[in-house]
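Can you keep this structure in mind? I'll have questions shortly.
Predicted, not measured: the structure shown is a model, and the values here were computed from it. In what follows, every heavy atom counts, from backbone to side chain, and hydrogens, waters and symmetry copies are set aside. Below, chains carry the letters A, B, ... as their sequence lines are ordered, and counting in each starts from 1.
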Protein chains: 2
Amino acid sequence: MNSTIAQPESNFPLPAGFLWGTAEAKIKYANRKDVAIAIAPDGQCSAAAVFTQNTFAAAPVMVSREILQHGQGRIAGVVVNSGCANAATGDEGTSSARVMATTAKESARTESPFFVCSTGTIGMRLPIERIQPAIGIAASQASATAEAFTNFADAILTTDTRRKIASAHFIHKGTKITLLGCAKGAGMMQPNMATMLAYVFTDAAASPDLLQKCFSNANEYSLNCMTIDGDTSTNDSAMVFASGKSGVDIGTDKDALAEFEKALLSVLQSLAKQLARDGEGATKLVEIEVRGAPDFLTARAAAFKVGNSPLVKTAIYGRDANWGRIAMALGNAGLHFDQARVSIWLGPLLLLSEGKPLSFDEEKALAVLGEEFVRIEADLASGDGKATIWTCDFTERYIEINGSYRT
Amino acid sequence: MNSTIAQPESNFPLPAGFLWGTAEAKIKYANRKDVAIAIAPDGQCSAAAVFTQNTFAAAPVMVSREILQHGQGRIAGVVVNSGCANAATGDEGTSSARVMATTAKESARTESPFFVCSTGTIGMRLPIERIQPAIGIAASQASATAEAFTNFADAILTTDTRRKIASAHFIHKGTKITLLGCAKGAGMMQPNMATMLAYVFTDAAASPDLLQKCFSNANEYSLNCMTIDGDTSTNDSAMVFASGKSGVDIGTDKDALAEFEKALLSVLQSLAKQLARDGEGATKLVEIEVRGAPDFLTARAAAFKVGNSPLVKTAIYGRDANWGRIAMALGNAGLHFDQARVSIWLGPLLLLSEGKPLSFDEEKALAVLGEEFVRIEADLASGDGKATIWTCDFTERYIEINGSYRT
């Protein structure tokens, strides 16, 4: 993947077999679409999903997990609301999430069930009486246009400052297969506990099992490699829908599968970078690569220690090449390594070489840290494991956003 | 322990058998004492210590670990410098740490070795040529007075805004046994990676093994229950010295042992609270109790998830009774519990009752959060494990302190 700031795409191809619709339910704010639906009209769509590991999983997460298990991967789409997370809302919350899913299915007149997602304030009652009619309106107006998809991508946002859209395509034996994704979240954790949501739509054909396998794997190297503040929200959900309309079955052709996996990873990594760059109060996208670890998971854990350290994040914000904070964070990851063999780079500048501090050009370091994209590398010299994660810097604006009295 | 803000003591008793001295080595700043020594002159002192678990352990930590192992717990005291952490400094750093320890032993003319500690910027060369003569001056001027101890407590500070001193005593069969401690650190992690240091001096008599056992245990419920920003520094060291001058041996009397353990815990918990309250940019001391967990360690892990969550800490700063963030953090601790049975309190206000959100008086919540001391309680209803930790709120000032360009 190239190491630049991924921008949301504005000129994207549409995968065949999906309709998108939005409507206004006035859940938290007036004058914005806050209910969205994506529909695979003929009910033949395969779906796969990954959900938050948080023990306080929100009602829509619990209901969607059930639907995934019982629907055997044949899902007709997803219905989403922003402004209220429907988390920690007891039995009434579970019941409301079920009503959302049922209303979507009835409004879309499909055989297959719908996933349901919510994002916004935790512990707030879901105004289902306003959401239910909005779902009907969104479904009746759903269409297969770029504008409809953009509206969908906008309706799921909460405190995000930018929409996040990414696409990829590949040609297999003369047929074009398209993947189109969107996401929301100014962090894994946001003001008032809104959450990360991501959706990918494709016209590839795939069995639910294969789709789940591809998606879970790609997710490990993309959305699961992104952090704003180290917390996993109650509502995180990422979903993929495959309509099959391209006629290319990735289960029967190894080349098509390899191409699909590559395209899926590129869409999810682009969304992960867009999410990190739009972290609350962030001014920079920070990419951290740790190599020389025992394996991928330990490398990622060490990279997360660096990416979640408030002192590393404030140093980057303050353009301070304070590599000692990076060393401290690496040493705090519970890994065994020999500090006398560790090397650390800031952009192209080698700051610690096999345990020895090097003198470096402070002006050059200042210039590296002045960019909107900052890359940190560390080599632990203790194995072949390697991981890259994405995060952002940590600014006064984060405190302002999250410290202001809840309204 | 009472749940108030522990203040540094100004009127404290001195344990017999110790001298304290300080001197100026101009390591980072002019016009302040930055080298300190504590001496048990007759070399009969028992000592015990706990050190950082960070893989990037600083040179003085590695040297002190060796001294503890080889000295068999008979230690003549400790020499400390502030302003430079002597961490990630390679072989030269290790050599400088050894020189500090040897110089202290020679200057104090004792048979037993000295511990060595450093605190300040990581990756900076230790100016041993200025520190060595300062150790000689500090040792020659060392004395057993309250003023000398206060100077010692001040000389070890870096960006701390307040000195931290705590004492306790008990009467055993007519004899008074005194414990006196001090600590530094505006967090586990500080600007430029200075660190947490804590020292306790007592005139109780104890074998090094028993002292280590008591100290390690008390440390688990005090300094290891404190967090500013979730990071473990490279230099953390806490040490206890027992001169035996009271004549009361805690190894031969169960009542004396129980009294000593209680007194030691109270000193260390007071220091832990003083450290948390003085966290960088902090305006409040926050106490978090988690109960109903499987055991102490899982309860503490869950409490730390709450205490390290930037969103919980900014909400407390912003006086926002946003208990959803507390629920999210608890759910993020990797524990198994039933969210339908969890209860959460803010001060005396019950906000979530067995999984059900309660409506509460926002004015009262605002008043609770307006205090300098804020207490949060959570009951996970999944066992008898209980833990209390101390932290602080998270403010713009933290970003300012840590985001300013390194000078």
As an exercise: rank B/A315, B/G355, B/A327 by heavy-atom pairs under 4.5 Å with chain A and give me the winner.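 Of the candidates given, the most pairs with chain A belong to B/A327.
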
Under the side chain to side chain donor-acceptor pair (under 3.5 Å) test, residues paired with B/Q339 that sit two or more places apart: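 Partners of B/Q339 by the side chain to side chain donor-acceptor pair (under 3.5 Å) criterion come out as none, since no residue qualifies.
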
Is A/I316 in contact with chain B via its backbone, its side chain, both, or neither, using a 4.5 Å heavy-atom distance?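 Interface part for A/I316: neither.
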
When rounded to the nearest 0.5 angstrom, what distance separates CD1 in B/I122 from CD1 in A/I326?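 The CD1 atom of B/I122 sits 11.0 Å away from the CD1 atom of A/I326.
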
Are more than 12 heavy atoms, taken from residues, nucleotides or ligands other than A/D91, located less than 6.0 Å from that residue's CG atom?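 Open.
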
For the residue pair B/F394 and A/P310, what are the closest heavy atoms and their distance?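 Closest pair (atom of B/F394, atom of A/P310, distance): CZ-CB, 4.3 Å.
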
If you look at every heavy atom in B/P357 and A/T89, which pair is closest and at what distance?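 Scanning both residues, the minimum pair turns out to be CG-CA, 4.4 Å.
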
Is there a side-chain contact between B/I399 and A/Y317 (heavy atoms, below 4.5 Å)?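 Sidechains of A/Y317 and B/I399: in contact.
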
Of the backbone (N, CA, C, O) and the side chain (C-beta and beyond), which part of B/L352 lies under 4.5 Å from a heavy atom of chain A, both, or neither?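 Just its side chain gets close to chain A.
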
Residues in residues 55-64 of chain A near chain B [non-hydrogen atoms, under 4.5 Å]: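 Near chain B, by residue number: A/T55, A/F56, A/A57, A/M62.
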
Interchain contact, B/A88 with chain A, by part (heavy-atom threshold 4.5 Å):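 Looking at B/A88, backbone and side chain both touch chain A.
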
So for A/E400, is it side chain, backbone, both, or neither that comes closer than 4.5 Å to the heavy atoms of chain B?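 Contact with chain B involves both backbone and side-chain atoms of A/E400.
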
I need the residue from B/V342, B/L369, B/L330 with the largest number of non-hydrogen atom pairs under 4.5 Å to chain A.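 The residue among B/V342, B/L369, B/L330 with the greatest pair count is B/V342.
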
Tell me whether the count of non-hydrogen atoms from other residues, nucleotides or ligands lying under 6.0 Å of CZ in B/R341 goes above 12.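 Open.
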
From A/K313 atom NZ to B/N402 atom CG, the distance as rounded to the nearest 0.5 Å: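 A/K313 NZ to B/N402 CG: 13.5 Å, rounded to 0.5 Å.
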
